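Read the numbers this way: they start at 1 and go in the same order the structure lists the ligands and their atoms. What you see is a predicted model, and the numbers here were worked out from it, not measured in a lab.
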Amino acid sequence: MHDSVSISARAPRIGVLAMQGAFAEHVRALDECGAEALQVRTLDQLDSCEAIVLPGGESTAIRKALHRCDLLEPLRERIASGMPAFGTCAGMIVLADAAPDGAPPCFGLLDVDVERNGWGRQVNSAEVMVSYAGGDESVAVFIRAPRITRVGEGVDVVARISVGDAQGEPVAVQQGHLLAAAFHPELTTDRTLHVRFVDLAREQALQHS
Ligand code: GLN
């Protein structure tokens, strides 16, 4: 039964870290995009997943909650060894290399630096047009979003701000099995990034089957 057709048609099992933030919206978005999504609060749940979404919220609180649930190191370890991960807003901060404000919420896996709450008044909490690498444009919701201040060599920019003073600034990136966005794609109907992540998870599942 394990021919390539049946494997590739299978919905990848994607966990959504359910410590705080808009995890229910991520679960819905992933289901819409053909994944089998589940909330993750325990190591058993994490181990039943092929990929993981780290939602927004407050990155220091997420880190503390992960520590409390004994998930901090296991999660970091699984992502470091190839589990596809999609971090949005605070989730991107957790995946990142360094936050220049000195706060330590970062796993150091995604080769970008981020500045927490880095948009100040410019794009503090707002709906802003972003453009994807393929040329599509969409409205994105930013809520006290991190600003990407450095993009490492192996990191592709997936979306940039397309209007105003910040035009051209990167707001979504991908580094191999890691996808991250400064905004909240789960709060709009644009499914570009969720589709991309479900595809990534499916490819990874195929390679390991
Ligand atoms: N400002 C939050 C932090 O630094 C992130 C905000 C969000 O996820 N919407 O963790």
(message) Are the side chains of H67 and R63 in contact, using a 4.5 Å heavy-atom criterion?
(response) no
(request) Give a yes or no on whether a salt bridge exists between R191 and E32, defined as a side-chain N under 4.0 angstrom from a carboxylate O. (result) yes
(request) Let me know which protein residues bring a heavy atom to under 4.0 Å of ligand 1; chain then number is fine for ordering. (result) G56, G57, E58, S59, C89, A90, I93, R116, N117, I143, R144, H184
(message) If you define the side chain from C-beta out and look only at heavy atoms, does anything of E36 sit under 4.5 Å from L30?
(response) no
Atom pairs and distances, side-chain donor-acceptor, residues 87-98, under 3.5 Å, sequence neighbours left out:
from	atom 1	to	atom 2	distance (Å)
T88	OG1	H26	NE2	3.2
T88	OG1	G56	N	3.4
D97	OD2	R150	NH2	3.3

(request) Go through the side-chain N and O atoms of S162 and E137 and say whether any donor and acceptor fall under 3.5 Å apart. (result) yes
(request) Report yes if some heavy atom in the side chain of F86 is under 4.5 Å from a heavy atom in the side chain of V198; otherwise report no. (result) no
